[in-house]
Engineer: 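Sharing a structure below in structure tokens format, with a few things to ask.
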Amino acid sequence: MTKSIIENIIIGSKNLKKEMNVSVYLPSDYNEKDSFPTLYFHHGRNGNENILIEAELNTVADKLIAKQKINSMIIVCPNLDNARGLNSSLEYKEVKDPLGRIINNGMYEDYFINEVIKEIDNKYKTIKNRNGRYIGGASVGGYIALHNAFRHPHLFSKVGGHMPAIELQLEEEDKAYFQKKENWDKYDPIKIAEEMKCCDFKVYLDAGSQDEGDFYKGCSILDKILKSRGVESQNHICEGHHNVEYIKSNMEKYMMFYGN
């Protein structure tokens with residue numbers, strides 16, 4: 001019986017001027033079909049492309065595909081460093097936040113939108129339009145997924161923010177990412193949702209009832225805005241904290257959303 005495989009590829013980024021790792025899940029029937037929908041799933045702070053395995057996306061996908069509960073799909077987990085997926089600096093650089101943590105600045109939005117997706121579409125049997133392209137992520141990765149989908153609606157039809165790091169104001173410790181309030185506004189999913197023209201999305205939001213960042217508050221606000229705009233949005237508050245165990249405990253629900 002054919003098994004799914006995980007490929008680890010390297011993209012030499014022109015935007016970041018360095019090599020970036022990407023993990024790619026190919027379903028067990030990859031050689032049997034002409035094309036597949038693709039899920040781009042983003043990691044959180046201090047994470048990397050290994051979220052594919054650490055959050056058990058691959059094993060949950062295997063199980064649900066085998067039971068024919070979801071459609072076969074390609075899953076792509078790119079490393080985006082500790083950058084929030086932003087275009088924060090024309091040149092790649094590392095800076096420190098007020099707590100001494102390393103922040104990666106660079107053209108990360110351009111890297112993902114213009115390089116990662118292009119490379120995946122060229123290399124694999126993807127459906128090369130928004131109807132077959134989805135995006136999601138956990139914590140900061142959920143924030144990245146939301147701002148990418150809302151800022152580039154021609155690319156994605158489904159978006160999931162799982163305990164997404166939606167902050168209600170610019171915190172001092174986060175200024176190293178944004179430099180100024182205008183940049184924070186530009187990428188804030190709530191502000192984008194209020195003004196975006198395209199509302200043809202399916203959106204899945206969720207956070208733990210004991211989330212240490214209180215990110216369920218941002219989810220609730222965003223969900224109400226999306227529904228008022230006619231977006232097909234759902235919001236869930238589930239039992240749990242802000243950690244990988246929460247994500248793993250809900251992964252089947254996420255995959256059912258993306259895979260149907």
Engineer: Using modelled atom types only, decide if a donor and an acceptor are shared between the side chain of Ser13 and the backbone of Lys18 within a distance under 3.5 Å.
Structural biologist: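 Not confirmed, Ser13 side chain does not pair with Lys18 backbone.
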Engineer: Step by step, would you call Arg133 with Ile127 a side-chain contact (heavy atoms from CB on, under 4.5 Å)?
Structural biologist: CA-CA 7 Å; Arg133 193 182 294 120; Ile127 297 173; over 6 Å; no
Engineer: Write down the atom of Lys248, the atom of Glu54, and the distance for their closest heavy-atom approach.
Structural biologist: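 Looking at all heavy atoms of both residues, the shortest contact is CD-O, 3.5 Å.
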Engineer: Membership question, hydrophobic clusters at under 4.5 Å side-chain separation (ILVMFWY): are Leu86 and Val95 in the same one?
Structural biologist: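 Yes, because Val95 and Leu86 connect within a single hydrophobic cluster, where side-chain heavy atoms sit under 4.5 Å apart.
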Engineer: Is a salt bridge present between Asp121 and Lys118, judged by a nitrogen-to-oxygen distance below 4.0 Å?
Structural biologist: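 Looking at Asp121 and Lys118, the cut-off is not met.
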Engineer: Apply side-chain contact (heavy atoms from CB on, under 4.5 Å) to Thr126 and Ile74, showing your working.
Structural biologist: CA-CA 8 Å; Thr126 60; Ile74 297 167; 4.0 Å; yes
Engineer: Is it the case that more than 12 heavy atoms not belonging to Lys202 sit under 6.0 Å from its NZ atom?
Structural biologist: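 No, not enclosed.
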Engineer: Same cluster or not: Tyr124 versus Met73, using hydrophobic residues (I, L, V, M, F, W, Y) connected whenever any side-chain heavy atoms lie under 4.5 Å apart?
Structural biologist: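 They do not share one cluster, since no chain of ILVMFWY contacts under 4.5 Å joins Tyr124 to Met73.
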Engineer: Measure from the side-chain N and O atoms of Glu252 to the backbone N and O of Val60, and report whether any donor-acceptor pair falls under 3.5 Å.
Structural biologist: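 Looks like no, no N/O pair under 3.5 Å.
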Engineer: Please name the pair of heavy atoms, one in Ile117 and one in Ile113, separated by the smallest distance, quoted to 0.1 Å.
Structural biologist: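 Closest pair (atom of Ile117, atom of Ile113, distance): CB-O, 3.9 Å.
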Engineer: Report yes or no: do Asn8 and Glu49 form a side-chain donor-acceptor pair below 3.5 Å?
Structural biologist: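 Judged by distance alone, the side chains do not pair up.
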Engineer: Would Lys3 and Asp62 count as a salt bridge (charged side-chain N to carboxylate O under 4.0 Å, His left out) here? Give the steps.
Structural biologist: CA-CA 9 Å; Lys3 294 183 178 181; Asp62 280 347; over 6 Å; no
Engineer: To the nearest 0.5 Å, what is the distance between CG (Asp223) and OG (Ser233)?
Structural biologist: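 So the CG of Asp223 and the OG of Ser233 are separated by 4.0 Å.
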Engineer: Between Phe156 and Phe201, is the ring centre distance below 6.0 Å?
Structural biologist: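 Distance test on ring centres: not under 6.0 Å, no.
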Engineer: Would the Phe36 and Tyr30 ring centres measure less than 6.0 Å apart?
Structural biologist: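 Ring centroids of Phe36 and Tyr30 are less than 6.0 Å from each other.
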Engineer: Please confirm whether the backbone N or O of Ile102 pairs with a side-chain atom of Asn82, one donor and one acceptor, at under 3.5 Å?
Structural biologist: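 Judged by distance alone, yes, a pair lies under 3.5 Å.
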Engineer: Would Lys158 pass as a cation-pi partner of Phe257, given that its NZ or CZ must be under 6.0 Å from the six-membered ring centre and within 45 degrees of the axis?
Structural biologist: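 Yes, cation above the ring, under 6.0 Å and within 45°.
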Engineer: Side chains of Glu212 and His241: is there a donor and an acceptor less than 3.5 Å apart?
Structural biologist: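 Short answer, yes.
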Engineer: Are the side chains of Met256 and Leu64 in touch, meaning some heavy atoms are under 4.5 Å apart?
Structural biologist: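 Side chain of Met256 against side chain of Leu64, heavy atoms only: contact under 4.5 Å found.
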Engineer: Please report whether the ring centroid of Phe215 lies less than 6.0 Å from that of Tyr143.
Structural biologist: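 No, too far apart.
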Engineer: Between Asn260 and Ile70, is there a donor-acceptor pair closer than 3.5 Å when you use the side chain of the first and the backbone of the second?
Structural biologist: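 Looks like no, no N/O pair under 3.5 Å.
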Engineer: Describe, in one word, how the ring planes of Tyr134 and Tyr258 are oriented to each other, choosing from parallel (under 30°), tilted (30 to 60°) and perpendicular (over 60°).
Structural biologist: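 Parallel, since the angle between the ring planes stays under 30°.
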Engineer: Taking atom CG as the centre, does Leu90 end up with more than 12 heavy-atom neighbours from other residues, nucleotides or ligands that are less than 6.0 angstrom away?
Structural biologist: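 At most 12 heavy atoms, drawn from other residues, nucleotides or ligands, come within 6.0 Å of this atom.
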Engineer: Tell me the closest heavy-atom pair linking His42 and Asn148, and the distance in Å.
Structural biologist: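 Smallest interatomic distance, heavy atoms only, reads NE2-ND2, 4.3 Å.
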Engineer: Passes side-chain contact (heavy atoms from CB on, under 4.5 Å), Ile120 versus Tyr40? Steps please.
Structural biologist: CA-CA 10 Å; Ile120 296 300; Tyr40 291 86; 3.3 Å; yes
Engineer: Do we get Arg84 above Tyr108's six-membered ring, with its NZ or CZ under 6.0 Å from the centre and within 45° of the axis?
Structural biologist: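 Relative to the ring axis of Tyr108, which defines the angle, Arg84 lies outside at least one limit.
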Engineer: Answer yes or no: is there a side-chain heavy-atom contact under 4.5 Å between Arg130 and Asp200?
Structural biologist: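 Arg130 reaches Asp200 side chain to side chain.
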Engineer: Could you report the tightest heavy-atom contact between Ile190 and Gly218, atom names first, then the distance?
Structural biologist: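 Heavy atoms only, the tightest pair is CD1-O, 4.2 Å.
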Engineer: Any sub-3.5 Å donor-acceptor pair from Asn87's side-chain atoms to Asp110's backbone N or O?
Structural biologist: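 Answer holds: yes.
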Engineer: Do you know which two heavy atoms are closest between Val159 and Phe150, and how far apart they sit?
Structural biologist: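 Val159 and Phe150 have their closest heavy atoms at CG1-CE2, 4.2 Å.
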Engineer: What closest approach, in Å, do Ile144 and Gly85 show between heavy atoms, and which atom pair accounts for it?
Structural biologist: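 Shortest heavy-atom contact: CD1-N, 3.6 Å.
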Engineer: Just wondering, are more than 12 heavy atoms of other shown residues or ligands nearer than 6.0 Å to NZ in Lys128?
Structural biologist: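 Correct, the count exceeds 12.
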Engineer: Check each of Tyr216, Tyr254, Tyr204 against His236 using the ring-ring contact (aromatic ring centres under 6.0 Å, His included) test, and report the only one that passes.
Structural biologist: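 Result: among Tyr216, Tyr254, Tyr204, Tyr204 is the only option passing the ring-ring contact (aromatic ring centres under 6.0 Å, His included) with His236.
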Engineer: Under a 4.5 Å side-chain heavy-atom rule over Ile, Leu, Val, Met, Phe, Trp and Tyr, are Leu39 and Ile53 clustered together?
Structural biologist: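 Leu39 and Ile53: one cluster.
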Engineer: Got a salt bridge between Lys227 and Glu232, using NZ or NE/NH1/NH2 to carboxylate O under 4.0 Å?
Structural biologist: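 A salt bridge is absent here (no side-chain N lies under 4.0 Å from a carboxylate O).
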Engineer: Atom CD of residue position Gln68 - does it have more than 12 heavy atoms of other residues, nucleotides or ligands inside 6.0 Å?
Structural biologist: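 Open.
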Engineer: For Ile9, run the side chain to side chain contact (heavy atoms under 4.5 Å, CB included) check against Asn21, Val76, Val22 and tell me which one passes.
Structural biologist: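 Only match with Ile9 under side chain to side chain contact (heavy atoms under 4.5 Å, CB included): Val22.
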Engineer: Answer with yes or no whether the hydrophobic clustering places Ile6 together with Ile10; edges join I, L, V, M, F, W, Y residues whose side-chain heavy atoms lie under 4.5 Å apart.
Structural biologist: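 Different clusters.
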Engineer: Rounded to the nearest 0.5 Å, what separates atom SG in Cys219 from atom CG in Asn235?
Structural biologist: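 Those atoms lie 5.5 Å apart.
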Engineer: Asp29 side chain to Glu32 main-chain N or O, any donor-acceptor pair under 3.5 Å?
Structural biologist: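 A pair under 3.5 Å: no.
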Engineer: Check this for me, if you would: do Arg45 and Asp81 make a salt bridge, where the nitrogen-to-carboxylate-oxygen distance has to be below 4.0 angstrom?
Structural biologist: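 No, this pair does not count.
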Engineer: What verdict does the side-chain contact (heavy atoms from CB on, under 4.5 Å) test give for Asn58 and Ile75, after you've listed the backbone C-alpha separation in whole Å, the side-chain angles of each residue and the deciding distance to 0.1 Å?
Structural biologist: CA-CA 8 Å; Asn58 59 321; Ile75 303 174; over 6 Å; no
Engineer: Does a side-chain heavy-atom distance below 4.5 Å link Gln234 with Val203?
Structural biologist: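 Not touching, per the 4.5 Å side-chain cut-off.
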Engineer: Could you tell me the separation between the NZ atom of Lys63 and the CE atom of Met255, rounded to the nearest 0.5 Å?
Structural biologist: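 Nearest 0.5 Å value for the NZ-CE distance: 11.5 Å.
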Engineer: Applying salt bridge (charged side-chain N to carboxylate O under 4.0 Å, His left out) to Glu194 and Arg229, what does each step give before you reach the verdict?
Structural biologist: CA-CA 8 Å; Glu194 290 174 334; Arg229 302 291 310 280; over 6 Å; no
Engineer: Once rounded to the nearest 0.5 Å, what's the spacing between atom CZ of Phe178 and atom CG of Asp185?
Structural biologist: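 The CG atom of Asp185 is 9.5 Å from CZ of Phe178, to the nearest 0.5 Å.
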Engineer: Nearest 0.5 Å please: distance from the CG atom of Asn105 over to the OG atom of Ser89.
Structural biologist: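 So the CG of Asn105 and the OG of Ser89 are separated by 5.5 Å.
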Engineer: Is there a donor-acceptor pair closer than 3.5 Å between any side-chain N or O of Asn183 and the backbone N or O of Gln179?
Structural biologist: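 Checking the backbone N and O of Gln179 against the side chain of Asn183, no donor-acceptor pair under 3.5 Å is found.
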Engineer: Any side-chain donor-acceptor pair under 3.5 Å between Glu109 and His147?
Structural biologist: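 There is no such pair (donor and acceptor under 3.5 Å, judged by atom type) between the side chains of Glu109 and His147.
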Engineer: With rounding to the nearest 0.5 angstrom, report the CG to OH distance, Leu170 to Tyr177.
Structural biologist: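 Nearest 0.5 Å value for the CG-OH distance: 12.0 Å.
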Engineer: Does the distance from a Lys or Arg side-chain N to an Asp or Glu carboxylate O, for Glu173 and Arg101, drop under 4.0 Å?
Structural biologist: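 Salt bridge present between Glu173 and Arg101.
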Engineer: Is there a salt bridge (charged side-chain N to carboxylate O under 4.0 Å, His left out) between Asp211 and Lys217 once you walk through the steps?
Structural biologist: CA-CA 10 Å; Asp211 189 296; Lys217 295 179 180 178; over 6 Å; no
Engineer: Are Ile135 and Ile166 grouped together when hydrophobic residues (ILVMFWY) are joined by side-chain heavy atoms under 4.5 angstrom apart?
Structural biologist: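 They do share one cluster, since a chain of ILVMFWY contacts under 4.5 Å joins Ile135 to Ile166.
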Engineer: Using a strict 4.0 Å threshold on nitrogen-to-oxygen distance, state whether Asp206 and Lys253 make a salt bridge.
Structural biologist: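 A salt bridge is absent here (no side-chain N lies under 4.0 Å from a carboxylate O).
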Engineer: Between His242 and Tyr246, does the ring centre distance come in under 6.0 Å?
Structural biologist: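 No: the rings miss the under 6.0 Å criterion.
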